[in-house]
Amino acid sequence: MQNSEIQRITNWLIDGARSSGTPAEMIADVCEHLVAAGLPLSRFGIFIRTLHPEIFGRNFIWREGQKVEIGTVDFEILETPEFAKSPLRIVFEEGLEVRGRMDDPDSKRFPFLDDMRAEGVTDYLAMPMHYLDGSIHATSWVTRHPGGFSDDDIAAIRSIVTPLARVAEIISLRRTAEMLLDTYVGNRAGARILGGQIRRGHNDTMQAAIWLSDLRGFTALSDRLPAETVVEILNQYFDCQVAAIRGHGGEVLKFMGDGLLAVFPIDEYVGDAAHVCTRVLEAARESRASVEALAYPVGDIVERFRFGVALHVGNILYGNIGGGNRLDFTCIGPAVNLAARLEKIAGRLGRTVVVSEGFASVCREGWRELGEFPIAGFSKAQRVYGLAEETPVVMA
């Protein structure tokens with residue numbers, strides 16, 4: 001082992017591994033330089049637990065002569081027998097090193113190592129990687145070298161893990177911030193916030209299609225069912241819309257009880273107003289079908305659901321609004337107000353989808369004019385349109 005080269009790698013990590021553009025490149029650089037320094041490394045893995053509602057963690061796997069593979073695992077892995085008998089479980093739960101020399105009968109307690117043994121692996125080392133917040137993550141080190149890792153090899157690995165943890169933690173914190181912002185405020189808003197748009201009054205005007213929906217009969221539903229059941233129903237109901245909205249280029253900005261506000265920006269990157277509004281309508285149809293198919297059994301009764309969505313297109317003010325140090329990244333403006341009023345009209349007319357005259361004029365579809373309606377706060381009555389294919393259903 002070339003100790004001077006190991007120290008150089010350590011110093012590079014302490015300096016933030018700034019010459020590597022991505023986490024995968026950083027991992028490849030570390031592994032390749034360790035091999036060049038004399039460490040008989042054939043495979044390396046780094047396993048990072050994440051703060052995400054659906055993803056337990058991410059893994060990066062380096063193999064000699066290959067590109068780094070990046071993957072994710074969900075929380076279901078924690079219930080599998082493979083994880084229960086994995087060396088990584090011990091690392092995550094107890095923070096201990098786990099070594100599996102293939103010539104050691106004790107390694108048989110880890111079925112995972114049988115596959116390694118078949119690939120000619122001679123030694124396996126799983127090592128905890130401690131973050132400053134107290135969380136434990138994991139690395140794995142594999143060799144095919146006869147005799148496995150030497151004491152000097154293991155000492156070199158230990159010397160690398162701590163500076164590697166510091167760089168990995170910085171990258172993880174950035175990614176966690178991105179994921180949390182994406183989860184709670186949406187991806188476009190999250191990118192703007194991380195980009196420094198964090199002061200009250202930081203707002204932009206943009207053209208967008210606006211989606212505002214709510215669940216029909218929600219008040220009565222909340223009155224007759226336990227709160228926990230209502231929350232579960234709401235989550236399933238929102239699932240029916242969010243996938244369609246995001247799949248067609250929209251961003252969910254806010255959940256308001258049973259209401260949902262989303263925007264579909266219109267710019268040169270996503271297409272003109274006609275293209276965007278066509279996609280919005282496709283999302284509305286997909287959501288309608290999903291909500292109609294949603295069935296929730298409560299005792300001997302199966303609850304079925306209907307919702308209404310109003311679609312409009314116009315200019316909105318998009319940015320930070322709030323008081324003191326409590327801000328909300330949202331959109332406001334007459335166009336949003338009109339969408340909110342149209343959604344109420346949809347309920348009165350028993351329609352699932354209603355659109356403004358502006359939306360109908362750019363999205364060529366089989367529209368049926370539903371009439372002119374006075375709108376509170378607007379000086380002129382507004383023409384409202386519905387899909388010709390829909391049959392109105394008046395809620396009891």
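For the pair D223 (side chain) and A220 (backbone), a donor-acceptor distance under 3.5 Å is absent. Between the S42 side chain and the V142 main chain, a donor and an acceptor come within less than 3.5 Å of each other. Proximity of a side-chain donor or acceptor of R351 to a complementary backbone N or O of T391 within less than 3.5 Å is not detected. Of the possible donor and acceptor atoms, one in the side chain of S222 sits under 3.5 Å from a partner among the backbone N and O of F218. The backbone N or O of F149 sits less than 3.5 Å from a side-chain atom of D123, completing a donor-acceptor pair. With T139 contributing its side chain and M127 its backbone, the two residues share a donor-acceptor pair below 3.5 Å. Listed for the D272 side chain is a donor-acceptor partner under 3.5 Å among the backbone atoms of H275.
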Set out, in order, the CA-CA distance, both residues' side-chain angles and the distance that settles salt bridge (charged side-chain N to carboxylate O under 4.0 Å, His left out) for E251 and R246, then state yes or no.
CA-CA 6 Å; E251 178 171 3; R246 299 191 66 171; over 6 Å; no
Trace of the salt bridge (charged side-chain N to carboxylate O under 4.0 Å, His left out) decision for R285 with E365
CA-CA 12 Å; R285 283 182 165 134; E365 187 56 49; 2.8 Å; yes
Go through the steps for D29 and S20 under the test side chain to side chain donor-acceptor pair (under 3.5 Å), then give the verdict.
CA-CA 8 Å; D29 288 343; S20 296; 2.7 Å; yes
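Comment: E64 does not engage R43 in a salt bridge, judged by the lack of any side-chain N to carboxylate O separation of less than 4.0 angstrom. Between E97 and R158 there is a salt bridge, since a side-chain N of the basic residue sits under 4.0 Å from a carboxylate O of the acidic one. Salt bridge present: R216 and E343 bring a charged side-chain N and a carboxylate O closer than 4.0 Å. With salt bridges taken as basic N to acidic carboxylate O contacts below 4.0 Å, none links R279 and E282. A salt bridge is defined here as a Lys NZ or Arg NE, NH1 or NH2 lying under 4.0 Å from an Asp or Glu carboxylate O, and E292 with R304 fails to meet this definition.
Separating the CZ atom in R63 from the CD1 atom in I61 is a distance of 6.5 Å, to the nearest 0.5 Å.
Between F373 and L349 the shortest side-chain heavy-atom distance falls below 4.5 Å. Side-chain contact check for Y124 versus S107: every heavy-atom pair is 4.5 Å or farther apart. With contacts defined as side-chain heavy-atom distances shorter than 4.5 Å, the pair R174/I170 does not qualify.
Using a 30° and 60° split on the angle between ring planes, F92 and F56 fall in the perpendicular class, above 60°.
A continuous path of Ile, Leu, Val, Met, Phe, Trp and Tyr side chains, each step under 4.5 Å between heavy atoms, connects L221 with F255, placing both in one hydrophobic cluster. Each of M102 and I157 belongs to its own hydrophobic cluster when Ile, Leu, Val, Met, Phe, Trp and Tyr are linked at side-chain heavy-atom distances under 4.5 angstrom.
Checked options L96, V98, V91; the residue passing with E94 is L96 (criterion: side-chain contact (heavy atoms from CB on, under 4.5 Å)).
Residues T10 and P163 share a closest heavy-atom pair of CG2-CG, 3.8 Å.
Counting heavy-atom neighbours within 6.0 Å of D151 CG, excluding the residue itself, gives a total of 12 or less. Around the CZ atom of R224, the shell of radius 6.0 Å holds more than 12 heavy atoms that belong to other residues, nucleotides or ligands.
Side-chain atoms of D133 and S135 form a donor-acceptor pair, as typed in the model, at a separation below 3.5 Å.
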